[in-house]
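These notes are about the structure you will find just below.
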Amino acid sequence: MDKNDKLKILFVEDVDADYELAMGELLRNEIFFVPVRVENGDDFKKALNEFKPDLVISDYSLPQFNGMQALKIAKDHDISLPFIIVTGTMNEEIAVECMKAGATDYVIKEHIGRLSFAANEALRYRDAMLEKAKAKNALLESELRYRSMFENNYAVMLLVDQEDAAIVDANPAASDYYGFSHNDIINKNFSEICFLEKKILLDMLNLSKTGNKNHFISKHKIKNNTERDVEVFLSPINYMGRKLVHCIIQDITERNKAIAALQTSINEKKELIKEIYHRTKNNMQVIISMFTLQSILIGDDKLESVLKDMENRIRAMSLVHEKLYQSKDLSKLNLKDYLEDLIHNILSAYGIPQDKIMIVDQMKYTEVLIDTAVPCGLVVNELISNTAKHAFPGEKKGELLIKLSTDKTGEIELVIADNGVGAGTNPDINGKGSMGLQIVKNIVEYQLQGSVEVDNSAGIKWTVKFRDNIYEERI
Amino acid sequence: MKTQAISVLIVEDEAMTAMFMETMLRRKGFNVLKCVSSGEEAVNISLELNPDFVLMDIRLAGKMDGIEAVTKIKAVSMAATKFIFTTGYSDLELKEKMMELEPEGVFIKPVNVPELVNLINFSIKRQG
């Protein structure tokens, strides 16, 4: 009891002297209190309700009332209210009767000196009782709270025995989901609703056997015999010495359908991109076809040669689409792979026999975006075409060196060198004479924002430097 | 080289491409029997004229694609017709399907005509 609150004692006593004697005895032992005194049943009841005493000290025999009656009323009012009977006579039968009826203690008037001790003991006993009741209430409240979380939860929950997979409890959401009454479902085994072999199911419930894996995806049979995809979350709990597993079952059928639909959509888009690349190549074939037919029709050698160059430029671009089409992510390709095919195609287009020019391939794997690959391909097309047409006239044979590497800063270096008749000549990359060299300079400096150098000390050696960071990745 | 004797059927739905290949092959001395644009026509003409080579595109007019057309011709024809696929598609799955039909070659568009001619001549030479 709070020390600021004074102890409230209700006295049931008709004799002034006895009342004062009792009060005196308590005060003498430094028990400070607020007293109220009643002499009959009605006043007693009223005082219980209004005065709300902490302790009742009642005389056993009064003219219109007695201690047993008071005790009964008090216990009906509040079973924990301490009640001390004071009797004038040494009557053990009465004492036993009172104690049986629930009195906390009794004091004989001749030994009123015991009253303070009895009062203290009674109050202590009452406090202990209150504490116990409080703890019991807290436990009850906690049980109600968790029971309510289980019962009212929309999530499907089961309590399953770890040893044999028997369903011990199920919440209403579970009854509704599986289509069984509560009584029916708690008489079932988890294996009856889960499409898993019982042995696997038992291993799953025994988390230590699965390396504490606490969620599983499986199929469950629910109401109307429908099969659903579910994800089961498991938490082991010990309950009254029994090993149980609390299972939360989440239906993921719709989620799985959405994922499948998304995957289909992604696949369709990939197909669409492939189709576009395919059509691009088909259109390039049509353009080349028209060029070639036109040049055959006119029958002019010079025009045929010009159109041949044009055809090769288109092929260089077309090959990018073929490589992209084969690459994994449809936006990047391996420049080495592309240039190898491109060089082979150009030499073949100019009818260069395989033993005429020996290719020394020193290219390293270099992944670039389509935005870099196309201009790079056009540059290589011009440089290799030059070699094919001019480096080794007549029966001359020689070497063609191709190097491709990336330095630490991400700069890509491409070297194309031949040991042909170009040594000593000076290819004019700034002049207006050659369309091919103008294309090279323009693409490297303007589009790739790189540099191009030529060295004619031994054949012709081109060094092109650029970066693959001019564009953002688009798809 | 007896290129004169080599007969070719071109199966190609794109008119300009068909005309281009026909012109190029004629210039190299091949006997281009016909150009057709659908798989159905390809089957009928192949069985009627028994060409030495069929240049077969994959996507065609009509309901039958190049793979199906070659499968049909191979199943019925008594002649030793050889097949060369020409296609804009270059994915692995399709390549596998084409290779199952054991063609003489597969050309990805735009077709490199000198290589195509080389292949036909090589294939004839090998046969003897």
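Only a predicted model underlies this, so the values are computations on that prediction, with no experimental measurement involved. Below, chains carry the letters A, B, ... as their sequence lines are ordered, and counting in each starts from 1.
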Do [X] and [Y] have side chains that approach each other closer than 4.5 Å (heavy atoms only, starting at C-beta)?
X	Y	value
Arg59(B)	Arg279(A)	yes
Lys109(B)	Ile288(A)	no
Met16(B)	Leu293(A)	yes
Thr23(B)	Thr292(A)	no
Met290(A)	Phe20(B)	no

Practice prompt. Can you tell which part of Met21(B) gets under 4.5 Å to a heavy atom of chain A, answering side chain, backbone, both or neither?
Written response: neither

Heavy atoms of other groups near [X] [atom1], more than 12 under 6.0 Å:
X	atom1	result
Lys364(A)	NZ	no
Lys461(A)	NZ	no
Lys308(A)	NZ	yes
Lys74(B)	NZ	yes
Lys336(A)	NZ	yes
Lys34(B)	NZ	no

Worksheet item: Val111(B) and Arg315(A): which non-hydrogen atoms are nearest, and at how many Å?
Response: O-NH2, 2.6 Å

Worksheet, complete the sentence: Between the OG atom in Ser289(A) and the CD atom in Glu12(B), the distance rounded to the nearest 0.5 Å is 8.0 Å

Discussion item. Just verifying a value: how many Å separate Ile108(B) CD1 and Ser318(A) OG, rounded to the nearest 0.5 Å?
Written reply: 10.0 Å

Discussion item. Is it true that Thr17(B) and Gln285(A) share a donor-acceptor pair across their side chains at a distance under 3.5 Å?
Written reply: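 No, no side-chain donor-acceptor contact under 3.5 Å.
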
Response to the item:
Whatever's closer than 4.5 Å to a heavy atom in chain B on Glu311(A) counts as neither

